[in-house]
Structure formats: structure tokens, C-alpha cells
Amino acid sequence: MMDGVVLQSTSKMFGSTWAVHDISLHIPDGSLTVLLGPSGCGKSTLLRLIAGLETPTAGTISINGRRVDQQPVGKRDLSMVFQSYALFPHLSVADNILFGLQVRKVAKAEQALRLSRVASMMGLENLLERKPSQLSGGQQQRVAVARAVISQRRICLMDEPLSNLDAKLRAEMRQDIRNLQQTLGLTMVYVTHDQIEAVTMADQIVLLNEGRIDQIGAPDAIYSRPATIFAAKFIGTPPMNLVTSATLNAHGETNFPEGSVVGIRPEDLVLDADGPITGHVVMVEYLGADRLVTCKIGVESLIVRTPARSDLPDEGRIRLAYLPDSVHLFDAKSGQRLTQ
Amino acid sequence: MRRTTIYAWLMLLPAMVLLMAFTHYPAIRTIIASLHSTARGHRASVFVGLANYERLLSDDVFKQVLWNNLIYGALTVPVSIAIAISMALLVNYKLRGRGFVRMAYFTPTVLPLIAVANIWLFFYTPGFGLIDQIRGMFGLAQQNWIGQPDTVLYAMMVVTVWKEAGFFMIFYLAALQSISPSLYEAAAIEGASRWTVFRRITFPLLMPTTLFVSVNAAINSFRLIDHIFVMTGGGPNNASSLLLYYIYQVAFREWDTAYGATLTVVLLAILLLLAVGQFFFFDRKVHYK
Ligand SMILES: Nc1ncnc2c1ncn2[C@@H]1O[C@H](COP(=O)(O)OP(=O)(O)OP(=O)(O)O)[C@@H](O)[C@H]1O
Ligand SMILES: [Mg+2]
């Protein structure tokens with residue numbers, strides 16, 4: 001028996017398409033797992049399967065060793081933040097947050113205590129009397145998070161809870177949620193399509209692509225060893241440079257295997273007069289501390305991250321070097337990482 | 001500025017003319033008529049002040065029909081609303097063949113009330129009507145539902161509810177379908193029972209519809225009397241007579257037009273009160289948006 005949430009070959013079909021296909025996954029107790037992937041890849045569907053709002057077409061789901069996939073929603077003892085917030089429009093913010101406690105007939109004093117704690121944490125103290133329609137999108141989202149948090153259930157599912165906040169608030173809330181998860185020891189499943197959010201928060205990232213798992217791993221593991229071209233492209237800003245071995249071999253003194261795609265992160269490239277790759281600068285993007293230099297290598301291009309203070313050679317031909325051990329090789333056809 | 005004002009008035013003119021000619025003017029004529037006596041033979045109509053209204057106060061039939069009408073409204077409105085909500089919830093539920101069920105519930109609405117009355121006349125026929133036949137199977141005695149003063153009004157109410165509930169269901173169905181399913185999902189996650197979900201979410205969110213429907217139902221309870229004509233003629237002994245039916249009797253059977261006008265003013269006042277009540281009281285309390 002395993003603690004936490006375990007999915008075994010879980011699949012969900014809508015009509016004739018698989019929204020989620022053959023997912024096997026262990027979400028350890030007390031950890032924060034991020035479901036990451038582009039729009040439509042099945043993140044929400046997977047979360048709803050865990051919540052019990054959808055029943056799997058095939059496969060099983062268990063929580064703390066008990067099969068739950070045939071159990072009704074209310075029995076799974078978890079809380080959830082919906083992508084659409086799902087606030088009750090006729091209830092005040094306070095009643096929205098307290099709804100679950102009222103349903104479960106928690107003592108009034110206890111309700112008041114928890115409400116004031118959660119409200120101050122979410123910065124909602126002055127909004128408790130309002131109706132959801134009188135709140136901004138970000139405020140509504142915070143109410144939705146508060147409603148999930150106040151239940152103090154061990155498993156908490158969140159579907160893009162911060163997507164409507166501005167950058168500053170999002171960074172703050174990210175930390176708040178992470179702190180909360182860690183201090184309460186919650187098992188959290190967090191859906192996002194924002195790889196920065198995923199990398200900064202997660203214990204474990206589940207990268208999804210078209211309903212299937214592309215890669216599972218800790219953020220640094222996925223960053224340093226992406227298993228596929230998809231993972232390599234998805235994580236990191238700017239994304240990893242991916243060029244064909246043919247282009248590199250033709251424009252440099254390199255010898256990458258034929259039919260492969262070479263991945264090098266922008267920070268692993270340096271401008272070096274003695275480097276093996278030749279190209280010319282086509283664009284420079286200033287980022288403050290750093291500068292992104294786009295170099296044309298034949299018909300493809302490489303982005304190099306250099307300190308903004310360093311000098312750039314005059315427009316024209318340059319040479320690039322890469323750090324040893326920083327090259328990722330992928331099979332051009334299957335997109336899979338080649339062993340190394 | 002002035003030109004646009006004139007333009008606006010011109011645009012409003014056709015509607016205003018029609019409204020005044022066919023609504024406001026007759027209403028005012030009715031009030032004036034209620035302050036005069038009825039012209040009879042060579043005696044012309046004369047101004048009598050509030051004499052007709054004094055007559056109201058001592059008119060036992062008026063008191064009875066008003067009372068009848070109040071009971072009639074007080075029962076048919078909530079009962080048809082309750083049935084309409086239940087039917088709408090049932091039809092809205094992912095039910096097999098719900099298109100058919102929806103049609104079936106709606107049928108009474110499409111039928112003219114006269115036709116409905118004829119159907120129910122058959123149901124109520126003592127001895128071989130549908131109801132008595134079913135009662136007969138259980139060995140129960142015959143009943144003349146619309147022939148006895150203590151059952152006739154309730155028998156009329158059943159017809160009204162049967163006729164109206166399907167219509168109101170359509171409004172509730174539309175309202176139910178505008179409620180986001182994620183609200184139910186959020187409630188389900190919290191472990192709310194079906195009844196809690198209905199009491200705390202569905203019913204409050206249906207409130208604007210309930211208001212609209214109840215005002216319409218209340219107005220209809222004063223307005224729709226076709227079945228009384230067909231089934232009972234207000235009898236026996238005025239037991240099923242409603243205000244509007246009494247007005248018809250006074251004004252067009254007895255040709256006491258002045259007293260008919262007086263009763264009409266009472267009816268107008270009641271309807272006005274309902275409309276104003278909706279406007280000032282409910283509108284504010286009910287809306288959550
Ligand atoms: N109820 C449904 N009926 C039919 N198809 C559905 C349903 N729900 C989701 N899908 C399909 O399943 C796929 C996955 O949808 P899902 O909502 O899980 O994506 P997502 O990763 O959450 O996307 P987003 O980031 O846009 O929210 C999509 O192709 C979607 O069209
Ligand atoms: Mg989604």
C-alpha cells in the first residue's frame with residue numbers, strides 16, 4: 001500500500017478521443033505535484049478524475065491505498081479550486097468560503113476562527129460582505145483558494161488558481177500557497193500551463209502532452225535532463241536551442257550523430273573566438289542583467305545568454321563554444337532523448 | 001438637444017396613443033362610471049358619489065367571491081410553482097427520453113383553457129368520469145366534485161394548476177440551464193447532500209424566476225376564468241365564483257354597468273398592487289447580480 005494518490009493506467013475518453021491516456025502516477029503524501037502542459041493536454045481532466053467529477057474510462061485511482069474511482073465525489077475528502085472559480089453568485093464572500101463548513105455543521109465559533117485566519121492570509125478581510133460579482137477576477141480567485149484551504153482537507157486540488165492575477169500578486173500567492181502546503185503538510189495537485197510556476201513550486205512535475213505523460217520528475221531533473229524534445233522546449237525561458245546535427249556539423253567543427261537533434265540551453269553557450277561553431281549575430285535582446293543574442297547558424301539559429309556587461313563583437317561573424325556535458329541529444333524522429 | 005427631445009416624443013407617440021386609447025382611457029372611464037348610477041329605461045345615469053362603493057361593503061356575494069379568489073390565489077400560486085420546479089428539476093436531470101417528458105409536461109399549456117375545461121369536465125363527471133372510475137376500482141363511492149359547494153373551488157384549482165404548471169416549468173427550465181454546472185461540482189466536493197444543494201444553491205438562484213412566475217400566477221388567478229364559464233358557471237351557490245366572473249355576471253347578465261364598473265375598479269386596484277409590489281419590494285430583495 002502506498003500513501004498519497006496513485007493512478008494506474010488511468011484513461012478518460014470523450015466521444016472518440018482520449019482526453020487522458022494511460023496515466024500511471026504516484027503523488028506522494030505531503031508533496032506538491034504540478035500537472036504541467038499546454039492548453040488542451042488533459043490537465044483539468046486528470047484533476048477532475050482525481051476529484052471524482054469524472055469517472056475513468058479505464059484504469060484505477062486510489063487514495064492512501066483505498067480504491068476511490070467508483071466512489072462518489074463527496075466521499076473522497078479533498079478540496080478543489082476550479083479553473084472557473086465556481087463561486088456561488090448569491091452568497092457573500094464569507095458564506096462562499098464557509099459553505100463547506102456549514103454543510104458539515106462545524107461549530108460556529110470554529111467557523112469564525114478559521115474564516116478570520118484564512119481571510120487574513122488571502123487578504124480578503126475587507127471583502128467578506130461582498131458578492132462575487134462585486135470582486136475583480138483576481139479577488140474571486142483568492143476567494144476560491146480560500147474556500148479550498150479552509151476545509152483543512154489533506155488533499156487539495158488546484159486548477160490554474162493564479163491564472164488571473166497580475167505578475168506581482170501571482171509571485172506572492174505562489175509562495176503563500178507553497179508555504180501553506182508545506183506547513184500543513186498538504187498533498188497538493190496543482191495544474192498550470194506556466195512553466196515558471198511549475199518550476200518554482202513543485203516537488204514533482206508531471207509534464208503532459210496530448211493526454212499522455214511526457215516526463216515525470218523534480219523540476220531540476222526535468223530541466224537538466226529533459227526526456228523528450230517536447231520537454232526540452234517546454235521548460236526554460238528562453239527555451240532550449242534545438243538544431244539539427246546536420247546544420248551544426250556543416251557550420252562548425254562538430255561531429256554530432258546523424259539524424260539527431262542537438263539541444264543546448266542558451267546559458268550553456270558562450271561567445272568564444274576559438275569556439276567550434278560559426279555564425280553571425282542577427283538580433284540582440286537586452287534583459288537587464290543579461291542579454292539574449294540570436295545567432296544565425298546556416299538556416300537555423302541559436303540563442304546565447306551573455307552577461308549584459310560583456311562586450312559584443314561588432315555585428316558580423318562570431319564563433320560559439322558550448323560547455324562540455326551541456327549537450328542534450330534527441331532522436332529526430334521519435335523525439336526521445338538519446339542515452340548519455 | 002430640443003430637436004432630439006421632439007424626435008424622442010415622436011417615436012413614442014404611436015405606442016402612447018395606443019396605450020392611452022385602449023388602456024388608460026377605458027380605465028378612467030371605468031372609474032367615472034363607478035361614481036354614477038346605472039341608466040335604466042327613462043332614468044338617466046346620475047352622479048352618486050361613493051354610493052356604489054358603499055354597496056360593495058354590504059354585498060355578501062362580493063365578499064364571497066373576493067374570499068374565493070384569495071383562497072384560489074393563495075393555493076394555486078404556490079402549488080403550481082412547487083410542481084413547476086419539481087418538473088423542471090426532473091426534466092433537467094439527465095434523464096432518458098427527457099425530450100418526450102418535456103413535451104408531455106408542456107402540452108396543457110398549449111391547449112386553450114376552454115379545451116382543458118372540457119377534458120376536466122369529463123374527469124369530474126360523477127359515476128363514469130375518470131376520477132370516479134378509478135375510485136370505483138377501490139370501492140369508493142361516487143362524488144360530484146363540481147356539484148357540491150365544498151369541493152367545487154378546489155376542483156377548479158386543480159384545473160388551473162394542471163394548466164399552468166407546465167408553462168411555468170419552461171421558465172424554470174431555462175433558469176436551471178443557465179446555472180453553471182461547476183457550482184454543483186463545487187458543492188459536491190464539499191459533500192453537500194442533494195437537498196442541501198437545492199436549498200442553498202438551486203432554489204436561491206431560481207429566485208428571480210420564482211418572483212416573475214409568482215406575480216404572473218397571481219395576476220392569472222384574477223384573470224383566467226374560462227374554465228369557470230365552461231364547468232360551473234360560478235355555482236353551486238357562488239361557491240366557485242371568482243371576482244372577474246362576478247363582474248361578468250353583474251355587468252353583462254344583470255346589466256348593472258355602474259356596479260360592474262365599481263367591481264372592476266377593485267380588480268384594477270388589486271392588479272395594480274401586485275405590479276407595484278413586484279416593482280418596489282421584490283425586485284430589490286431578489287436580485288443577486
Ligand atoms: N466534457 C468534455 N467533453 C468532451 N471533450 C472534453 C470534455 N472536457 C474536456 N474535453 C477535451 O479533452 C481535452 C483535454 O481537456 P482539458 O480541459 O483537460 O485540457 P486542459 O489541459 O485543462 O486545458 P486548459 O489549459 O485550456 O484548461 C481537450 O481536447 C478537450 O476538448
Ligand atoms: Mg484546464
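Only heavy atoms go into these numbers, but all of them, side chains included; no hydrogens, no water, no symmetry mates. Letters A, B, ... mirror the listed sequences (proteins, then strands); counts begin at 1.
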For atom [atom1] of [X], is the number of surrounding heavy atoms from other residues, nucleotides or ligands below 6.0 Å larger than 12?
| X | atom1 | value |
| --- | --- | --- |
| B:F167 | CZ | no |
| A:F14 | CZ | yes |
| A:R67 | CZ | yes |
| B:M103 | CE | no |
| A:K108 | NZ | no |
| A:Q71 | CD | yes |

Residue [X] versus chain B: region with a heavy atom under 4.5 Å:
| X | value |
| --- | --- |
| A:R147 | both |
| A:F88 | both |
| A:Q102 | side chain |

Residue part contacting chain A, namely of B:T196, when any heavy atom lies under 4.5 Å: side chain
I need the [X] [atom1] to [Y] [atom2] distance, nearest 0.5 Å.
| X | Y | atom1 | atom2 | answer |
| --- | --- | --- | --- | --- |
| B:I189 | A:L53 | CD1 | CG | 4.5 Å |
| B:L183 | A:F82 | CG | CZ | 9.0 Å |
| B:R200 | A:H90 | CZ | NE2 | 7.0 Å |
| A:L87 | B:S182 | CG | OG | 9.0 Å |

Residue among A:K75, A:R153, A:Q83 with most heavy-atom pairs under 4.5 Å to chain B: A:R153
Greatest number of heavy atom pairs closer than 4.5 Å to chain B - which of A:S151, A:A144, A:G100: A:G100
Minimal non-hydrogen separation, B:L205 against A:P89, with atom names: CD2-CG, 3.6 Å
Heavy-atom side-chain contact between B:E185 and A:R48 under 4.5 Å: yes
B:E190 side chain reached by A:M80 side chain, heavy atoms, under 4.5 Å: no
